[in-house]
Structures are given as structure tokens and as C-alpha cells.
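To start, the structure itself, in C-alpha cells.
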Amino acid sequence: MTRQDRIAALKAAAAERILIIDGAMGTMIQRLKLEEAGYRGTRFADHGRPVKGNNDLLVLTQPKAIADIHTSYLDAGADIVCTNTFNAQRISLADYGMEDLAYEMNLAAAQLARKAADAVTAKTPEQPRIVAGAMGPTNRTASISPDVNNPGFRNITFDELVTAYCEQARGLIEGGADVLLIETIFDTLNAKAAGFAALKAFDELGVELPLMISGTITDRSGRTLSGQTPEAFYFSMRHLKPFALGLNCALGAELMRPYIAEIAAVAECLVIAYPNAGLPNAMGEYDEGPCEMAGHIEPWVREGLLNIVGGCCGSTPEHIAEIREHVEKYPPRKVPKIERRMRLAGLEPFVHG
């Protein structure tokens with residue numbers, strides 16, 4: 001099956017049912033209990049900086065472990081698996097002195113996910129499995145100064161973000177990703193840079209893949225870190241004509257619902273949500289079990305708010321299997337026909353007329 005065949009199958013499936021995206025990669029990596037040597041492997045045994053915690057490096061040093069995680073989510077019923085590339089761009093990799101590995105990491109990560117997805121698809125050809133190339137927010141923010149005493153200062157430029165994201169996108173595309181997922185966005189300007197970079201990579205490689213975009217509401221204020229409401233975030237990203245847009249991370253399903261509803265009311269594309277398994281406890285762990293999390297999500301689909309659903313921090317294959325069981329009996333959200341008007345956004349949305 002070619003990439004275009006898989007994209008066509010994805011769009012056809014989305015018209016008929018709610019699609020399932022996988023759960024947390026980081027949570028599953030933590031279960032491996034790897035120490036420094038496990039992250040380094042033999043290739044990076046003499047690397048000059050500590051690398052424990054660089055989860056993206058594991059696509060090179062522990063490829064079987066990452067492939068097994070993908071397979072566990074696919075076996076749980078996920079239609080879409082995300083590459084292990086959340087921080088695999090040279091901006092974030094600079095913390096480990098591994099900037100020059102960015103392209104290689106993304107290529108290898110997409111190849112791992114592709115192989116796992118194809119193997120499961122071969123067993124269930126009626127349900128083609130899709131690889132989403134994950135592009136995280138980086139550890140820099142283009143809209144906010146990191147220095148409270150100098151509000152005009154920025155430690156990253158738009159062009160630098162575009163360059164890093166374009167390199168990442170090329171690796172993901174050439175490794176076999178079917179869609180690109182710009183995720184966990186806390187600064188809309190970073191997301192715009194990622195979107196522009198994706199389009200640039202499409203032009204350079206002569207391909208065009210669907211884009212999925214997922215923002216993050218940082219707390220109960222109902223805004224991203226850079227201050228936008230969910231509706232304003234959608235208006236800011238609408239020009240990219242995303243295949244799906246929604247929210248992930250930060251909040252559990254119980255608290256995320258009103259913000260997903262806000263997007264579902266205005267989005268002229270599919271709506272995606274993959275919340276955390278509740279809020280972290282005092283130890284930074286997530287206590288919400290599969291049945292409880294799925295129980296919070298089921299009312300969303302019953303009310304027609306979602307097209308794609310899965311889990312973020314704290315979620316596991318068990319969570320994904322339970323979510324699938326709870327949502328599969330409901331139809332997907334119908335994309336509304338929105339009256340044509342001028343729609344602008346700063347921190348708040350503005351609809352002219």
C-alpha cells in the first residue's frame with residue numbers, strides 16, 4: 001500500500017468512525033527503567049554529555065524497545081501511531097550536544113513506526129495503520145521572553161524555528177510518515193513556524209501530507225501559555241487547512257472537555273483530543289486508570305465533539321484499548337458548515353459582522 005493509498009484510507013475511515021491515536025510514549029519508556037548506559041548504547045558510550053532522559057535518542061540505541069511500544073499501541077486498536085520524535089529537532093537536542101543527529105533520528109523513528117504499522121496492517125488489512133510524524137513545541141518560545149526583566153528579549157527567532165522544523169519534517173517524510181502532527185503547542189508562533197516548515201518541506205520533496213495540529217491549555221484559565229483561547233488558536237492556525245486540530249496534554253479528560261467543545265463548535269476540520277490520564281499526583285505520576293479515563297471521554301463522543309481520540313501523559317495501551325471500546329459505538333463528529341466571515345485572532349477571537 002502506497003502512502004497516498006494510506007492517506008485515502010485514513011480520510012475514508014474518518015468519515016465513518018472515530019479514529020484512535022496512540023497513548024504516551026514517555027510513559028512507556030519510563031517502564032523500561034533505563035539508566036545512562038541504556039540510553040547511550042555502544043554508539044554513544046563516549047559522548048561528552050549525560051543523555052539519560054533523551055527519549056528520542058532511543059530510536060538509535062534501543063530501536064526494538066521503541067518498535068515494541070508502537071506495536072503494543074497498534075495491538076490495542078490504535079489507528080494512528082506517533083513517532084518517537086517529540087524533541088528530535090536541533091533546538092531541543094542542543095541540550096545534549098546532539099544537534100547534528102536531528103535528521104537521522106527522525107528518519108529512523110519514522111522507519112521504526114512505519115515497519116510496526118505495516119506489520120499490524122498486514123494482519124488486519126481492513127484497518128490500515130497510519131504513522132504520524134510527531135513535531136513537538138521545542139524548549140524555546142518565540143512569543144515570550146525568558147527574562148522577566150527584559151520583556152522584549154527572545155532566545156529563538158521564527159527563522160531558526162523554521163530551519164529546525166524543516167529538517168525534522170524532511171526526516172519524518174523520508175522515513176515514511178503519512179501525516180505530520182504539530183503537537184503540545186503552548187506558543188502559537190512556534191506552531192506557525194512548524195506549519196510553514198512543513199509546507200516548505202512538502203515543496204522541497206514534492207509531496208503533500210495531511211497536517212494535524214494540537215495545542216495545549218496550560219491550566220484552568222482556558223488559554224495556551226502564550227495567552228490564546230482555544231477558538232483564537234484555531235483561527236490562528238486555520239490558514240494551514242489542517243486535517244485535524246485540537247488539544248492534548250496538560251489537562252485530564254475531565255477538565256479538557258469545555259475547551260474541546262469550544263474548538264468543535266468552530267473548526268472546519270476534524271477535531272482531535274488526547275488528554276492526560278488525569279492530573280499528576282504529588283510524585284508526578286498519573287493515577288487515572290483506563291476505565292475512569294475512558295468514562296470521562298465517552299460523553300464527548302456521545303455529544304458529537306470528536307473525530308480522533310487517544311491519550312497523552314500517563315496513558316498506556318490499556319488506556320487506548322478501553323477508550324476504543326467506549327467510543328467505537330458512536331459516530332464521528334460532523335464537520336460543521338461555518339458561515340463565511342472575516343475571522344481574526346489575537347489572544348481572543350474576533351468574528352466580523
Side-chain angles (χ1 to χ4, degrees), residues 18 20-33 53 55 69 73 76 78 82 84 86-87 134 136-139 141 144 181-188 190-191 212-234 245-264 271-303 305-306 308-327:
I18 295 169
I20 305 297
I21 194 168
D22 62 7
M25 175 63 72
T27 297
M28 298 301 288
I29 288 174
Q30 288 174 4
R31 290 184 173 185
L32 301 175
K33 300 187 183 302
N55 288 350
I69 292 171
Y73 279 120
C82 302
N84 181 38
F86 186 78
N87 285 307
T138 81
N139 55 7
T141 171
I144 304 171
L181 171 61
I182 301 167
E183 66 167 327
T184 321
I185 294 299
F186 51 79
D187 184 339
T188 306
N190 284 40
M212 298 197 296
I213 302 169
S214 185
T216 292
I217 300 301
T218 52
D219 54 34
R220 298 191 191 199
S221 69
R223 295 176 181 270
T224 63
L225 184 64
S226 55
Q228 283 195 308
T229 65
E231 184 177 359
F233 175 68
Y234 169 69
L245 183 140
L247 300 172
N248 74 290
C249 204
L251 302 175
E254 188 175 16
L255 296 177
M256 188 184 284
R257 184 197 172 284
Y259 311 123
I260 283 293
E262 187 175 328
I263 291 173
V271 171
I272 181 172
Y274 47 117
N276 291 345
L279 296 176
N281 60 27
M283 303 300 292
E285 298 175 342
Y286 295 84
D287 298 324
E288 198 165 272
C291 190
E292 184 180 3
M293 183 178 182
H296 287 312
I297 288 173
E298 185 172 353
W300 303 9
V301 296
R302 187 168 58 237
E303 295 165 26
L305 300 181
L306 290 180
I308 306 172
V309 64
C312 202
C313 302
S315 62
T316 66
E318 292 77 18
H319 288 79
I320 297 306
E322 193 73 26
I323 290 170
R324 184 179 185 88
E325 184 176 332
H326 276 66
V327 308

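- The closest donor-acceptor contact from the side chain of S315 to the backbone of A24 lies under 3.5 Å.
- Considering CD of Q228 and OG1 of T188, their distance stands at 3.5 Å, rounded to 0.5 Å.
- Using a 4.5 Å cut-off on side-chain heavy atoms (C-beta onward), T141 and F186 make contact.
- Looking only at side-chain heavy atoms (C-beta outward), S214 and T184 stay at 4.5 Å or farther from each other.
- At distances below 3.5 Å, not a single donor-acceptor pair connects side-chain atoms of D187 with backbone N or O atoms of S226.
- Pairing each heavy atom of C313 with each of C249, the nearest pair is SG-SG, 3.7 Å.
- In this structure, I297 CD1 and L305 CG are separated by 11.5 Å, a value rounded to the nearest 0.5 Å.
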(message) Run the side-chain contact (heavy atoms from CB on, under 4.5 Å) test on N87 and N139 for me, step by step, so that the C-alpha distance in whole Å, both residues' side-chain angles and the decisive distance to 0.1 Å come before the verdict.
(response) CA-CA 8 Å; N87 285 307; N139 55 7; 5.8 Å; no
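- How far CG of L247 is from OH of Y234: 13.5 Å, rounded to the nearest 0.5 Å.
- Of all non-hydrogen atoms in A277 and H319, the two that sit nearest each other are CB-NE2, 3.9 Å.
- The two residues L251 and L255 come nearest to each other via the heavy atoms CD1-O, 4.0 Å.
- Looking at I29 and N84, their side chains come closer than 4.5 Å, going by heavy atoms from C-beta outward.
- Between the H326 side chain and the M293 main chain, no donor and acceptor come within less than 3.5 Å of each other.
- Across G26 and N55, no two heavy atoms sit closer than the pair CA-ND2, 4.1 Å.
- Applying the 6.0 Å contact sphere to CD of E298 captures more than 12 heavy atoms from other residues, nucleotides or ligands.
- With values rounded to the nearest 0.5 angstrom, H296 atom NE2 is found 4.0 Å from E288 atom CD.
- I185 has its side chain within reach of F233: a pair of non-hydrogen atoms, C-beta onward, lies under 4.5 Å apart.
- Side-chain contact check for D287 versus E292: every heavy-atom pair is 4.5 Å or farther apart.
- To the nearest 0.5 Å, the span separating CD1 on I21 from CG on N248 amounts to 8.5 Å.
- Within the 4.5 Å cutoff, the side chain of V271 has no heavy atoms near those of the L245 side chain.
- Of all non-hydrogen atoms in Y73 and P317, the two that sit nearest each other are CE2-N, 3.4 Å.
- Side-chain contact between L306 and I260 is present, with heavy atoms from C-beta onward closer than 4.5 Å.
- The closest donor-acceptor contact from the side chain of E262 to the backbone of E231 lies under 3.5 Å.
- Distance alone, capped at 3.5 Å, is enough to place a donor-acceptor pair between the D22 side chain and the C82 backbone.
- T224 places no side-chain N or O within 3.5 Å of a backbone atom of T216 that could act as its donor or acceptor partner.
- Annotation for P137 and E183: closest pair CD-O, 3.6 Å, computed over non-hydrogen atoms.
- A distance of 8.0 Å separates CD in E285 from CD in Q30, rounded to the nearest 0.5 Å.
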(request) Begin with the C-alpha distance, continue with both residues' side-chain angles, and end with the deciding distance and a verdict on side-chain hydrogen bond (donor to acceptor under 3.5 Å, both in side chains) for E318 and T316. (result) CA-CA 5 Å; E318 292 77 18; T316 66; 2.8 Å; yes
